[in-house]
Amino acid sequence: QVQLVESGGGLVQAGGPLRLSCAASGRTGSRLVMGWFRQAPGKEREFVASISWNGGRTAYADSVKGRFTTSRDNAENTVTLQMNGLKPEDTAVYYCAADLDLTLRTSASAYEIWGRGTQVTVSS
């Protein structure tokens with residue numbers, strides 16, 4: 001089994017950057033698609049970004065396209081989410097997730113393994 005642990009969350013002013021990391025441990029030899037999701041209070045968990053197992057393909061939600069970038073280092077078993085130009089509406093708990101399927105899927109229900117999340121708060 002794979003375990004995921006997110007880090008890097010915190011409080012940032014609007015317009016600022018923040019970098020999230022997701023460390024994978026356990027059976028990390030599988031070809032996993034990695035995704036980022038977020039959930040704000042009172043809202044559904046929503047897709048943010050995903051990256052293929054070799055990093056060759058990425059997908060982003062329209063709301064973050066051009067501001068967020070995801071990447072991965074399979075040698076280090078880490079995935080990162082670089083967030084620039086943050087807005088107050090980006091405030092949420094951010095989750096890292098793994099999908100055993102090779103396609104880039106945007107539905108949270110498609111992802112089998114989840115981290116516990118890290119809080120991101122953007123002040124105006």
Side-chain angles (χ1 to χ4, degrees):
Q1 184 63 296
V2 174
Q3 294 82 41
L4 304 174
V5 178
E6 303 92 339
S7 61
L11 175 64
V12 63
Q13 286 190 331
L18 204 59
R19 185 179 180 92
L20 305 183
S21 293
C22 174
S25 61
R27 298 182 63 181
T28 56
S30 302
R31 294 184 174 185
L32 301 172
V33 165
M34 300 299 294
W36 289 96
F37 290 78
R38 65 187 182 186
Q39 188 166 18
K43 294 189 176 182
E44 297 281 319
R45 189 168 298 189
E46 65 174 0
F47 169 77
V48 175
S50 60
I51 185 167
S52 61
W53 71 272
N54 63 356
R57 292 175 293 133
T58 55
Y60 297 93
D62 288 342
S63 59
V64 307
K65 206 171 287 184
R67 299 188 297 124
F68 291 10
T69 303
T70 188
S71 59
R72 67 190 296 165
D73 183 339
N74 287 341
E76 296 293 328
N77 294 321
T78 58
V79 181
T80 60
L81 182 68
Q82 177 66 45
M83 305 184 293
N84 297 325
L86 282 162
K87 304 175 182 179
E89 52 263 44
D90 293 318
T91 295
V93 176
Y94 283 71
Y95 297 90
C96 173
D99 182 4
L100 294 174
D101 195 276
L102 295 180
T103 57
L104 296 184
R105 299 189 285 185
T106 61
S107 172
S109 62
Y111 289 74
E112 293 91 351
I113 304 165
W114 291 82
R116 292 188 174 185
T118 185
Q119 176 71 46
V120 172
T121 303
V122 184
S123 63
S124 56

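Side-chain atoms are counted along with the backbone in the values below, which use heavy atoms only and exclude waters and symmetry mates.
In this structure, the side chain of Thr58 does not engage the main chain of Ser50 through any donor-acceptor pair within 3.5 Å. Looking only at distances, a side-chain donor or acceptor of Glu6 sits under 3.5 Å from a matching main-chain atom of Cys96. Arg57 places no side-chain N or O within 3.5 Å of a backbone atom of Thr103 that could act as its donor or acceptor partner.
Ser107 approaches Ser109 most closely through the heavy-atom pair OG-OG, 2.8 Å. Pairing each heavy atom of Asn54 with each of Asn74, the nearest pair is CA-ND2, 4.2 Å. In this structure, Pro17 and Val12 approach most closely via the heavy-atom pair O-CG2, 3.6 Å. Taking every heavy atom of both residues into account, Thr69 and Tyr60 meet most closely at CA-OH, 3.4 Å.
Side-chain atoms of Val33 and Leu104, non-hydrogen and from C-beta on, do get closer than 4.5 Å to each other. No side-chain heavy atom of Met83 sits less than 4.5 Å from a side-chain heavy atom of Trp36.
Using a cut-off of 4.0 Å between Lys/Arg side-chain N and Asp/Glu carboxylate O, Lys65 and Asp62 are scored as salt-bridged. Ion pairing between a basic and an acidic side chain is recognised when a charged N comes within 4.0 Å of a carboxylate O; Arg38 and Glu46 show such pairing.
Aromatic rings of Tyr95 and Tyr111 (six-membered ring for Trp) have centroids beyond the 6.0 Å cut-off, not under it.
Between Phe37 and Phe47, the ring-plane angle classifies as perpendicular under the 30° and 60° cut-offs.
Rounded to the nearest 0.5 angstrom, Leu32 CG and Leu102 CG are separated by 9.5 Å. If you take CG on Leu81 and SG on Cys22, they are separated by 10.5 Å, rounding to the nearest 0.5 Å. To the nearest 0.5 Å, atoms CD (Glu89) and OG (Ser124) are separated by 10.0 Å. Note that the CG atom of Leu100 and the CD atom of Glu112 stand 4.5 Å from one another [nearest 0.5 Å]. The distance from the CG atom of Leu11 to the CG atom of Leu18 is 9.5 Å, given to the nearest 0.5 Å.
Of the residues Thr80, Val120, Thr70, Val79, the one that meets the side chain to side chain contact (heavy atoms under 4.5 Å, CB included) test with Leu20 is Val120.
When hydrophobic clusters are built by joining Ile, Leu, Val, Met, Phe, Trp and Tyr residues whose side-chain heavy atoms come closer than 4.5 Å, directly or via intermediates, Val122 is not grouped with Val93. There is a path of hydrophobic side-chain contacts, each under 4.5 Å, that joins Phe68 to Met34.
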Worksheet item: Could you go step by step and tell me if Gln1 and Ile113 meet the side-chain contact (heavy atoms from CB on, under 4.5 Å) rule?
Response: CA-CA 9 Å; Gln1 184 63 296; Ile113 304 165; 3.5 Å; yes
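Looking at Ser7 and Ser21, their side chains never bring a donor and an acceptor atom within 3.5 Å of each other.
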